[in-house]
Student: 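Take a look at this one; I'll ask things after.
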Amino acid sequence: MRCLVLGGWGVAEAGVRAGAVVPVDPGSAPPCRTRGSQRIAVDKWHLVALANLMVTQVRQRITRQLHGRRGTATDKVWASRQLLLTGYEHLTVKQKARFNAALAAEDPTNEIAAAHAVKERLRLLLAEHQPHQIRRRLYDFYDAAARADMEETSRLATTIDTWRPAVLVALTEDVTNARTEGFNRIIKQTKRAGCGFTNMDNYRRRIMVHIALTRGPRPTA
């Protein structure tokens, strides 16, 4: 399999210049080597999304084990599911009280709390830029995942370890593919609104018009 970059094209195929740092989605393709001095970086947003998915999977599993069904609005953990996915430092005092009450009531094995702790350790790692701080946060993340000792957290730790060189590049270079993801969203919305296009020239023009209307020019150095 090729390493998918820039909407499905390989690094060389996309015409990425030598020495460039190329941010990618780790869920789109396996790790790969680039040519020459090009380097791969994992976009941090996608790593947080993987961590949030891990927390959701643990919550759903515990709910099924506890109640024998899916979560409903009467379940405190289900009602607080968005709090589990929000950075803990962003929660208000009232939200933290709801969060702690939900875990106390419906997390008898403490597995949801452990999964949340792993997710928060990853967020702390992704906020660092200095190599010595990155090493310390990376150790804390692996330690939390090992202590949690669950299939979901081990899978996340394995993904981070597999992509570790690309993660380190992303943190030290502070790069993101958010702009590319934004253009991809505009392309999909344009196609959906037009119910498909049979004329590719018209499709291309409509995309460029939407980008021009919704995205301003990038500042020049």
Side-chain angles (χ1 to χ4, degrees), residues 24-28 30-31 40-72 75-172 174 176:
V24 301
D25 174 5
S28 64
I40 290 292
V42 177
D43 188 75
K44 292 183 281 188
W45 184 91
H46 290 100
L47 296 179
V48 174
L50 288 176
N52 283 339
L53 176 62
M54 177 272 297
V55 173
T56 298
Q57 290 172 339
V58 173
R59 174 183 60 79
Q60 292 173 339
R61 175 172 58 81
I62 296 302
T63 298
R64 287 193 296 268
Q65 292 175 353
L66 191 62
H67 302 294
R69 55 168 173 76
R70 296 175 58 183
T72 65
D75 301 327
K76 291 184 177 181
V77 167
W78 187 90
S80 302
R81 65 193 185 283
Q82 291 300 325
L83 301 182
L84 289 169
L85 306 182
T86 304
Y88 191 74
E89 73 277 9
H90 299 307
L91 300 180
T92 64
V93 174
K94 186 176 180 179
Q95 288 174 329
K96 289 179 180 178
R98 276 183 52 203
F99 175 91
N100 293 327
L103 294 184
E106 298 179 357
D107 185 23
T109 59
N110 203 42
E111 289 180 277
I112 300 177
H116 180 267
V118 172
K119 186 260 293 185
E120 290 298 302
R121 295 298 191 283
L122 179 60
R123 290 185 61 250
L124 291 174
L125 166 64
L126 298 180
E128 299 293 349
H129 302 287
Q130 299 300 322
H132 68 284
Q133 292 288 358
I134 292 173
R135 288 192 295 269
R136 182 170 68 87
R137 294 298 189 187
L138 189 61
Y139 173 83
D140 290 342
F141 166 75
Y142 285 138
D143 182 62
R147 289 176 181 274
D149 193 23
M150 293 180 287
E151 179 183 352
E152 297 88 352
T153 54
S154 297
R155 188 185 307 121
L156 177 64
T158 299
T159 299
I160 298 300
D161 188 57
T162 301
W163 286 89
R164 181 167 55 177
V167 172
L168 296 179
V169 171
L171 297 183
T172 55
D174 194 24
T176 177

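In this text the structure is predicted, and so the values were computed from the model without any measurement. All residue numbers refer to positions in the sequence shown, counting from 1.
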Student: Once you round to the nearest 0.5 Å, how far does CG of Leu50 lie from CG of Leu122?
Tutor: 8.5 Å

Student: In Å, rounded to the nearest 0.5 Å, how long is the span from CZ of Arg164 to CD1 of Ile134?
Tutor: 12.0 Å

Student: Given side-chain contact (heavy atoms from CB on, under 4.5 Å), test Glu106 with His67 step by step and report yes or no.
Tutor: CA-CA 10 Å; Glu106 298 179 357; His67 302 294; 4.2 Å; yes

Student: For residues Asp107 and Ala113, report the shortest heavy-atom separation together with the two atoms involved.
Tutor: OD2-N, 3.0 Å

Student: I want to check something: taking the side chain as every heavy atom from C-beta on, are His90 and Gln95 in contact at a cut-off of under 4.5 Å?
Tutor: no

Student: Might you point out which heavy atoms bring Pro108 and Leu66 nearest each other, and give the distance in Å?
Tutor: CG-CD1, 4.1 Å

Student: Looking at every non-hydrogen atom in both residues, tell me the closest pair between Thr153 and Ala148 and how far apart they are.
Tutor: OG1-CB, 3.7 Å

Student: Under 3.5 Å, which donor-acceptor pairs link side chains of residues 138-146 to any protein atom two or more places apart or in another chain?
Tutor:
unit_1, atom_1, unit_2, atom_2, d
Tyr142, OH, Asp161, OD1, 3.4
Asp143, OD1, Arg147, NE, 3.4
Asp143, OD2, Arg147, NE, 2.9

Student: For the atom pair CG (Asn52) and CG (Leu47), what is the distance rounded to the nearest 0.5 Å?
Tutor: 11.5 Å

Student: What closest approach, in Å, do Gly87 and Glu120 show between heavy atoms, and which atom pair accounts for it?
Tutor: CA-OE2, 3.8 Å

Student: May I ask you to decide whether Arg69 forms a salt bridge with Asp75, counting only side-chain N to carboxylate O separations under 4.0 Å?
Tutor: yes

Student: Between Lys119 (side chain only) and Leu84 (backbone N and O only), is there a donor and an acceptor less than 3.5 Å apart?
Tutor: yes

Student: State, without any angle test, whether Gln133 and Arg136 hold a side-chain donor-acceptor pair at a distance under 3.5 Å.
Tutor: yes

Student: Search all heavy atoms of His129 against all heavy atoms of Leu171 and return the closest pair with its distance.
Tutor: ND1-O, 3.0 Å

Student: Working to the nearest 0.5 Å, report the span between CG of Leu103 and CD1 of Ile112.
Tutor: 6.5 Å

Student: Of all heavy-atom pairs between Arg61 and Met150, which one has the smallest distance, and what is that distance?
Tutor: NH2-SD, 3.4 Å

Student: Would you call the rings of His116 and Phe99 parallel, tilted or perpendicular, taking 30° and 60° as the class edges?
Tutor: tilted

Student: Rounded to the nearest 0.5 Å, what's the gap from CD on Gln57 to CD on Gln60? Could you check?
Tutor: 7.0 Å

Student: Within a 6.0 Å radius of atom CZ on Arg121, are there more than 12 heavy atoms belonging to other residues, nucleotides or ligands?
Tutor: no

Student: Between Arg123 and Glu89, does any side-chain N to carboxylate O distance fall below 4.0 Å?
Tutor: yes

Student: Whether the side chain of Arg81 engages the backbone of Trp78 through a donor-acceptor N/O pair (distance < 3.5 Å, no angle test) should be reported.
Tutor: yes

Student: Would you compute the distance between atom CG of Leu91 and atom NZ of Lys96 and round it to the nearest 0.5 angstrom?
Tutor: 6.5 Å

Student: If we ignore hydrogens and angles and just use 3.5 Å, is the side chain of Arg59 paired with the main-chain N or O of Ala115 as donor and acceptor?
Tutor: no

